[in-house]
Chemist: 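To start, I am sharing the structure in question, which I have written as structure tokens.
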Amino acid sequence: MNNQNINEENSIIEIKSLTKFYGKFKALDQVDLSFPKGKIIGLLGPNGSGKTTLIKIITGLLKQYQGEILIDGKQIGIDTKKIVSYLPDRNCLPDNWTVEKALTYFKTFFPDFEYDKAKNLISQLGIDLSKKFKEFSKGTKEKLQLSLVLSRNAKIYVFDEPIAGVDPAARDLIFNLILNNYHRDSTIIICTHLISEVEEILDYAIFLNRGKVYLREYVDKIKESSGKSLNEVFKEVYRCAPIN
Ligand code: ADP
Ligand code: MG
């Protein structure tokens with residue numbers, strides 16, 4: 001395994017010996033990770049590798065696990081939920097809500113939510129605030145949720161599969177939304193199985209496979225030492241990965 005040591009001062013999330021079972025199935029197996037502060041981090045791996053499970057633990061949605069996690073030096077709880085802005089891998093807002101209702105909900109729920117910023121962002125995208133979620137396409141729903149999540153003034157933004165199922169134009173727009181709107185000193189975690197589509201915007205990559213960490217390193221270093229693109233390295237890692 002190729003590891004970049006990140007000292008604890010430079011890390012925003014510290015994970016030690018994290019193991020998660022669903023019944024008898026081990027979805028995460030002794031995961032040790034440091035997430036570097038202020039970077040754009042790819043949590044990468046094929047479907048079923050444990051990305052969403054890890055993210056749900058970090059966001060406090062899954063509470064039963066073994067191991068230790070510190071987020072900005074704190075145990076997971078109310079304090080850490082306040083600093084993590086999370087885009088789930090599926091639309092979580094009720095279909096019969098209007099965009100205006102979603103804006104009000106975010107304002108009520110998250111003290112760090114910048115209502116005007118979100119409203120401007122959504123208007124710029126040409127989305128009608130009085131329409132209901134069910135009236136929008138998958139791509140538009142994705143952009144809407146992304147605008148809401150990005151309008152929180154958070155230390156950590158987590159996007160779970162933000163580009164799955166959207167066309168290349170929507171993908172570019174989504175990346176531009178992320179790159180132009182996050183707070184510069186915060187950390188971004190993008191979970192995806194679409195490595196070639198995200199590699200140009202990532203600073204740091206974590207490869208997961210079957211619940212284990214296979215590689216964690218700065219993308220520049222991976223490219224420099226291998227002479228290959230992240231996607232090529234990814235394919236090699238997974239070709240060699242044992243099937244257990
Ligand atoms: P990824 O996000 O990388 O696709 P997940 O974390 O969603 O991976 O899933 C990892 C593994 O855990 C998969 O094999 C999946 O089937 C299993 N899994 C996920 N959620 C549950 C659950 N609630 N109950 C049982 N197994 C689950
Ligand atoms: Mg997932």
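Order of appearance sets the numbers: ligands from 1, and atoms from 1 within every ligand. Source: prediction; values computed, not measured.
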Chemist: Going by heavy-atom distance to atom 22 (C) of ligand 1, choose the closest among Y22, F21, F25.
Modeler: Y22
Chemist: Any N/O/S atom from N47 (main chain or side chain) under 2.8 Å of the Mg ion (ligand 2)?
Modeler: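 It does not: N47 brings no N, O or S atom closer than 2.8 Å to the Mg ion (ligand 2).
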Chemist: Indicate, as side chain, backbone, both or neither, the part of C191 found under 4.0 angstrom from ligand 1 when only non-hydrogen atoms are considered.
Modeler: neither
Chemist: Does the residue G45 have a heavy-atom contact with ligand 1, meaning some pair of atoms that are separated by less than 4.0 Å?
Modeler: no
Chemist: Using distance alone, decide if ligand 1 has a nitrogen or oxygen within less than 3.5 Å of any nitrogen or oxygen in T53.
Modeler: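 Among all N and O atoms of T53, at least one is under 3.5 Å from an N or O of ligand 1.
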Chemist: Is there side-chain contact between C191 and D160, with heavy atoms separated by less than 4.5 Å?
Modeler: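 SC-SC contact between C191 and D160 confirmed.
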Chemist: A side-chain contact here means heavy atoms from C-beta on lying under 4.5 Å apart; do Y238 and P46 qualify?
Modeler: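 Yes - at least one pair of side-chain heavy atoms lies under 4.5 Å apart.
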Chemist: Nearest protein heavy atom to atom 4 (O) of ligand 1: under 4.0 Å?
Modeler: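 It does; a protein heavy atom is within 4.0 Å.
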Chemist: Which residue in the set V158, T52, I206, I190 passes side chain to side chain contact (heavy atoms under 4.5 Å, CB included) when paired with L43?
Modeler: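 Per the side chain to side chain contact (heavy atoms under 4.5 Å, CB included) rule, the option paired with L43 is I206, out of V158, T52, I206, I190.
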Chemist: Find out whether Y157 and I178 are in side-chain contact, i.e. whether some heavy atom of one side chain is under 4.5 Å from a heavy atom of the other.
Modeler: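 Contact flag for Y157/I178 side chains = no.
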Chemist: Would you please test K82 and D72 for salt bridge (Lys or Arg N to Asp or Glu O under 4.0 Å) and show each step?
Modeler: CA-CA 11 Å; K82 276 187 201 157; D72 203 23; over 6 Å; no
Chemist: Have a look at F234 and tell me which of L44, I222, L215 forms a side chain to side chain contact (heavy atoms under 4.5 Å, CB included) with it.
Modeler: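 Among L44, I222, L215, the one that satisfies the side chain to side chain contact (heavy atoms under 4.5 Å, CB included) with F234 is L44.
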Chemist: For ligand 1, is any non-hydrogen atom under 4.0 Å from A27's backbone (N, CA, C, O), its side chain (CB onward), both, or neither?
Modeler: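 It is the side chain that gets close, since no backbone atom is under 4.0 Å.
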